[in-house]
Amino acid sequence: MNFNDDLKGNKSVILIILALTILVLVVYWPVQNYEFINYDDQVYVTDNYSIQQGLTFKNIVKTFSDFHTSNWHPLTMISHMLDWHLFGDRSGGHHWTSVIIHIFNTILLFLLLNKLTGAIWKSTFIAALFALHPINVQSVAWVAERKNVLSSFFWIVTILFYVRYVKQPEWKKYLPVFICFLLGLMSKPMLVTLPFVLLLLDYWPLNRMQIYSRNNDQVETNMANMEKRKLSFLILEKVPLFILSITSVFLTIYGARSVRTITSLEYLPFLIRISNAINSYVLYIKKLFWPNDLAVFYPIFHIPFWQSLVAGLLLLGVTFFCCRNFRKYPYLPVGWFWYLGTLVPVIGIVQVGNQAMADRYAYIPFIGLFIIIAWSAEQVSLKFNLLKKIFILTAISIIAALTILTYDQVKIWRNTVTLFEDALKKTKANYVAYDVLGFEAARENENEKALMNYYMAQKINPKFYPAYNNAGIVLIRMGRREEALKNFEMTLKFNKYSAQAYYNIGLFYLKDNAFDKSMMLFKKAIEIKPDYVEAYNNLGVVFIKKGMIREGIYQFEKSLKINPNYKEAQQNLFIAITMQKKKDSVSTR
């Protein structure tokens, strides 16, 4: 290539990057005016006292021992801490950070694919699909999913450094691969499959495996001169990365168990999980081509055996086809196993939460399917030259259509009500949506409407304990105390580790001046949830009412240590200290 060709190539890359950036900004521009979502955003940001206490060295260190979100992802929590430091409770700034990271991810993905294959327009098409597919809106427009876009940033950067390493293998170039992978795992543990993806890339397009066929000149690649290695060497080469993956899996399981978010086999039997996983693999592909029913939450329900069987046979058929053609069309097994493999951590065999699947889980896995689509289209056009122009027009039409669909999908994320009302329209018997809408109605003091939603959630899923606890809170407000107590007890029937239920029953007995009972319940809530500021505060109130002022002061101080801005504890502490001073002055007379 001469200088003029190189200059033209650089100009094309710059123009493509600008175009991709503008497209992302156009579709996600409205999010700057959107609210936080009262579904996980409070856990990560709005009610997370630890990230609101300031961007200090001490608080940063604390994130490395924080498991209250059920995940170990200190880098994600630091990013939220930084956002709170910059924007406070102004949600628009938090949204902008995620959009900017998504733009970086899009650009880096384009640069990576172009570097690997030299196929600039196929790389552009894949990056555009990634940037504009509606299924990725959940990852970008939901502040709580910062972990998804941030970890994906390090996923792509890790591969870029890996490409640099394989061109000239040495430990100094391997070190950035190791560090970036570690940072990715510190953002979200879903990245544990990355070492396996690197093995796929060793096959194609890096062409490092000795089994690679030389009879595929029609497949574009930018790495034709890589030194061939045995599979055993390539696996051994990645042992440090596998060690990081194993460590991350251990920390993830530990975190999920510590806050008890892993769903038991009693609640969700193994056969149902397998059936749901098989079905979900196919449903994700359906949403790739026809994303008309995207929702924030998909409930798990019984799947007919015939449906699971058909889905399983379809997956086996595609797998067989890709494996059979692995030499002639190496992008097929690479893209397909990229998709299958990267979904493994979140496909539901180890179930965390109640969702059957989630749009956010497709953010990285779909890249594999995008690769198959782009390269397959080129292969067909090479055989039928007349189709080349048709494919170009089709690609442009697809990008235009996705831009419109994604812009519409973004609108749904305006606030909690618009999001979950949309979920009710697009899913059947969505008990989580009813529960969240009930919570929103309760915030507006629409008690009857809130109860109606909570009762619908209970009717659909009688074991969904949050709906009982939330209904109990509204019933207390309405003066229907005995009904409220029954709902709190039902919460504990289905989840004996519900700190909120113990706390609410404790408040119930505190109002009746049954101090010993309420004390026991508040202590139980704190045992389950050690950062439960309200429980510490009300335990302090119980001690004060029992005349144990020093013990009460101690509990108020513990509450304020967790959340220094908790006004009720501040007032109670002031009153308790005043009482103690009067008591001490009387005793010294």
Side-chain angles (χ1 to χ4, degrees), residues 42-43 46-69 77 81 84 258-260 469 472-473 476-477 479 481 484-485 488-489 491-492 495-589:
Q42 68 271 41
V43 176
T46 55
D47 291 342
N48 191 329
Y49 315 120
S50 61
I51 69 111
Q52 296 174 9
Q53 290 181 22
L55 191 66
T56 64
F57 179 77
K58 181 181 177 182
N59 290 336
I60 289 171
V61 170
K62 280 174 64 178
T63 63
F64 286 84
S65 57
D66 179 16
F67 288 95
H68 89 281
T69 63
M77 303 315 295
M81 194 182 294
W84 191 267
S258 66
V259 294
R260 300 178 176 89
N469 185 69
I473 294 170
I476 285 284
R477 188 191 298 170
R481 298 182 74 243
L485 182 59
F488 295 141
E489 289 171 345
T491 305
L492 293 176
N495 180 16
K496 62 182 179 181
Y497 299 109
S498 174
Q500 291 79 9
Y502 285 113
Y503 171 76
N504 287 326
I505 298 173
L507 287 177
F508 181 91
Y509 286 117
L510 176 59
K511 193 172 182 65
D512 290 343
N513 293 324
F515 300 133
D516 290 337
K517 280 187 176 181
S518 60
M519 180 185 293
M520 178 189 69
L521 289 159
F522 290 142
K523 285 182 177 179
K524 183 67 176 177
I526 290 167
E527 179 187 330
I528 296 168
K529 187 181 177 184
D531 62 346
Y532 206 153
V533 291
E534 294 85 0
Y536 284 113
N537 176 66
N538 281 289
L539 182 57
V541 171
V542 172
F543 278 122
I544 296 297
K545 288 184 177 290
K546 287 172 69 71
M548 303 165 69
I549 301 174
R550 291 190 186 279
E551 289 82 353
I553 290 172
Y554 177 69
Q555 297 302 325
F556 298 141
E557 288 175 340
K558 289 182 77 172
S559 179
L560 289 169
K561 187 177 180 180
I562 299 167
N563 180 13
N565 300 318
Y566 186 27
K567 290 184 179 179
E568 190 174 331
Q570 290 174 346
Q571 294 168 354
N572 288 336
L573 179 61
F574 176 78
I575 293 168
I577 290 173
T578 304
M579 291 172 65
Q580 186 61 45
K581 285 180 178 177
K582 287 182 180 179
K583 184 177 179 181
D584 291 342
S585 65
V586 169
S587 63
T588 55
R589 288 177 185 176

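All values below come from the heavy atoms of this structure, side chains included, with hydrogens, waters and symmetry mates left out.
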To the nearest 0.5 Å, atom CD1 of I553 lies from atom CD1 of I575 at 11.5 Å
Exactly one of L55, V61, N59 clears side chain to side chain contact (heavy atoms under 4.5 Å, CB included) with F57, and that residue is V61
Can you tell me if D47 uses its side chain to pair, donor with acceptor, with the backbone of V43 under 3.5 Å?
-> no
(request) Say whether, by atom type as modelled, one donor and one acceptor occur between the side chain of Y536 and the main chain of P530 under 3.5 angstrom. (result) yes
* Residues I505, L492; criterion side-chain contact (heavy atoms from CB on, under 4.5 Å); working and verdict -> CA-CA 10 Å; I505 298 173; L492 293 176; 3.7 Å; yes
Review point. Are side-chain N/O atoms of T63 and D66 paired as donor and acceptor at under 3.5 Å?
Key: no
Review point. Backbone N or O of V542 within a donor-acceptor pair of the E551 side chain at under 3.5 Å?
Key: no
Using only atom types and a distance under 3.5 Å, with no angle test, would you say the side chain of Y502 pairs donor to acceptor with the backbone of K496? yes
Notebook entry, point to check: Any Lys/Arg nitrogen of D512 or K517 sitting under 4.0 Å from an Asp/Glu carboxylate oxygen of the other?
Noted result: no
T46 backbone acceptor or donor facing Q52 side chain under 3.5 Å: yes
Give a yes or no on whether the backbone of N469 and the side-chain of T491 come within a donor-acceptor separation of less than 3.5 Å. yes
Looking only at heavy atoms, the pair that brings I528 and Y497 closest together is CG2-O, 3.2 Å
Is the closest side-chain donor-acceptor distance between Y509 and D516 under 3.5 Å?
no
- Query: Do Y503 and F522 make the cut of ring centroids closer than 6.0 angstrom?
  - Reply: yes
query = Do we get K546 above F543's six-membered ring, with its NZ or CZ under 6.0 Å from the centre and within 45° of the axis?
reply = no
